[in-house]
Amino acid sequence: MRTWRILLKNLGLAFTDGLEVLRDISLEILPDNIYALVGPNGSGKTTFMKLLAGILKPTRGSIEMLDEDEIPLNMRREVLLSFQNPDISFSHLTLRRDLMEVFNLRGERLEDIWARLADLGIPPEYVDRELDTLSYGWRKILSLSEYLLLPSKLLCLDEPTANLDLLWSMRIWGFLFRERAKRVFGLIFSTHRPEELLIADRILYIDRGRIKEVSHRDLLAINNDYIKAMLTPQMANILANWDTSLAEELRYFISEATEGDKA
Amino acid sequence: MSTFQGISYIPSLRSRGGLLRVLDPRTKLLAMALLSTLIFLTDDLLKISVFLILLLLVIALSKLSILRIISSLKAVLFLILITTILNSFMVEGKVIWSWKFLTLTEEGLRFSLLVAIRIIFISLFSLVVISNIDQGELATSLRRIFKPLRRVGVISDDFALGLTIAIRFIPVLLSELDRIYTAQLAKGIELERLSFRKKVDFWISIMVPMIKTTLKRAEDLALALEMRGYYEETRGDLTDISFSAWDLIAIYFLLAFTLWVQLG
């Protein structure tokens with residue numbers, strides 16, 4: 001069932017000093033796909049996500065989120081953006097205080113939040129613990145749990161597994177996929193890790209401000225040093241044979257493998 | 001681009017050279033301190049207008065873009081407005097207009113105009129001076145200026161270093177503030193629709209991560225200084241500064257100007 005879509009038409013963004021960061025982007029983003037956004041450093045990935053979250057406004061073209069009756073939705077509320085560093089997103093010393101603050105500022109009621117937090121697999125003793133005393137991996141998970149609890153339709157994650165080891169990266173993905181198995185929400189993440197391309201349904205490839213939606217196989221044909229550096233022969237082989245069932249299988253495997261994992 | 005860019009005029013406004021470059025940074029700092037004090041010591045509109053002519057001259061010599069200078073005034077606009085409004089109604093004298101407890105007087109208007117001109121002069125003059133001194137020069141001049149304090153037991157180097165670091169870190173902290181601000185907005189908080197009380201809550205909530213990251217940064221910086229073997233006794237200067245004939249001319253001029261303002 002399609003509940004919303006985001007339409008981008010000839011979208012462009014130039015900063016006041018004339019620097020054109022994004023140009024000619026026409027895309028349709030749907031809730032049932034998980035999108036991986038790939039491109040070199042400084043190619044405009046974060047800027048693109050800020051546009052989706054309504055923090056920046058395009059200087060050219062249009063971007064809108066429409067529900068099933070084609071009525072525009074408020075993207076500032078419906079699209080959330082989580083940055084790499086979880087520490088800048090916490091405005092209080094504990095998760096409980098921080099959640100209360102965000103819900104207060106968004107004008108929403110907390111209701112069964114604490115029960116849902118436990119459902120997500122957050123140990124109850126972490127809710128009141130000072131965030132500084134937790135590991136980086138846990139702070140990242142707690143920060144993401146806030147985004148999952150806030151009512152929204154699309155989640156943009158800016159390099160969610162940057163600075164994390166492979167095991168913690170799997171825990172992060174397992175955490176997200178288990179929730180996504182319960183309710184469908186849009187997911188876009190940026191990454192520099194080739195193996196993370198395999199868990200996405202579609203790939204948004206960004207190069208010098210232009211974004212194209214490509215399939216996994218299309219990536220192999222792109223003549224670009226950044227992409228070439230990502231593709232070892234083994235990876236190229238997997239991508240050539242990639243299909244949706246592989247992504248689903250991997251997501252299921254990661255969800256299962258990290259379930260109940262108390263780190 | 002950045003929400004807080006308007007405030008960060010110190011690093012973003014770099015002078016492209018110009019005649020002010022030939023002066024020693026200490027002369028420029030002296031001029032800044034002296035003229036900023038002097039303008040408060042006179043009420044004479046003729047003398048004040050000479051200050052303004054001087055300011056225009058300095059701006060012309062500094063080769064700074066006029067547009068950027070004007071946009072940097074935005075930061076002090078609020079201060080100017082508040083002081084002007086308060087002063088206009090608070091000074092007693094010949095009443096021009098009155099309503100209930102509010103009375104506008106001729107003296108009040110004159111006084112508030114003077115204060116506004118003074119604030120504009122001080123902010124623009126220091127802006128021009130600061131954008132004509134680079135960081136290395138500033139560090140060296142502060143060290144040399146504070147050197148005599150050693151005789152009374154103040155460690156001048158630490159003091160100068162502290163001041164230099166504080167100035168150097170304004171842009172760093174502003175970009176940090178911008179990142180935290182954006183991260184908070186990205187949770188779907190619509191700042192423009194919040195009530196005043198909630199807006200206050202929002203800004204307070206930004207301060208927690210801000211203070212935390214600033215302390216972390218200070219710790220990193222202290223560690224970096226330590227690792228590079230920083231000791232005040234043995235340190236030298238990266239940039240050398242020295243007085244020239246131009247400085248002598250400038251100082252004579254400042255002296256004459258001071259005498260004229262005070263005695264003339």
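Chain letters run A, B, ... following the sequence lines, proteins first, then strands; residues in each count from 1. No hydrogens, no waters, no symmetry mates; every other heavy atom, side chains included, goes into these values.
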Original post:
Where does B:I189 contact chain A at under 4.5 Å (heavy atoms): side chain, backbone, both or neither?
Top reply: both
Original post:
Out of A:D132, A:L150, A:D87, which one racks up the most heavy-atom pairs below 4.5 Å with chain B?
Top reply: A:D132
Original post:
Most heavy-atom pairs under 4.5 angstrom with chain B, which of A:V21, A:V79, A:L81?
Top reply: A:L81
**OP:** Sort B:E190 into side chain, backbone, both or neither according to what part of it lies under 4.5 angstrom from a heavy atom of chain A.
**Re:** both
Subject >> B:K212, part contacting chain A, at a heavy-atom distance under 4.5 Å >> reply: side chain
**OP:** Check whether any side-chain heavy atom of A:I34 lies under 4.5 Å from a side-chain heavy atom of A:I199, and answer yes or no.
**Re:** no
Original post:
Using a cut-off of under 4.5 Å for heavy-atom pairs, which of A:R106, A:R77, A:E146 has the most such pairs with chain B?
Top reply: A:R106
**OP:** Mind running side chain to side chain contact (heavy atoms under 4.5 Å, CB included) on A:R5 and A:E70 for me, showing each step along the way?
**Re:** CA-CA 9 Å; A:R5 63 199 177 108; A:E70 299 289 296; 2.9 Å; yes
Original post:
With a 4.5 Å limit on heavy-atom distance, are the side chains of A:L148 and A:L155 in contact?
Top reply: yes
**OP:** Could you look at A:I55 and say if it's the side chain, the backbone, both or neither that has a heavy atom under 4.5 Å from chain B?
**Re:** side chain
Original post:
A:N104, A:L19, A:L93: which one forms the most heavy-atom pairs within less than 4.5 Å of chain B?
Top reply: A:N104
Original post:
Are A:N41 and A:H192 close enough that some pair of their side-chain heavy atoms sits under 4.5 Å apart?
Top reply: yes
Subject >> Any side-chain heavy-atom pair of A:L149 and A:L120 under 4.5 Å >> reply: yes
**OP:** Select one option (side chain, backbone, both, neither) describing which atoms of A:F83 are under 4.5 Å from chain B's heavy atoms.
**Re:** side chain
Subject >> Evaluation steps, side chain to side chain contact (heavy atoms under 4.5 Å, CB included), between A:F48 and A:S190 >> reply: CA-CA 10 Å; A:F48 177 65; A:S190 63; over 6 Å; no
Original post:
Do A:L22 and A:I206 come within less than 4.5 Å of each other through their side chains, counting heavy atoms only?
Top reply: yes
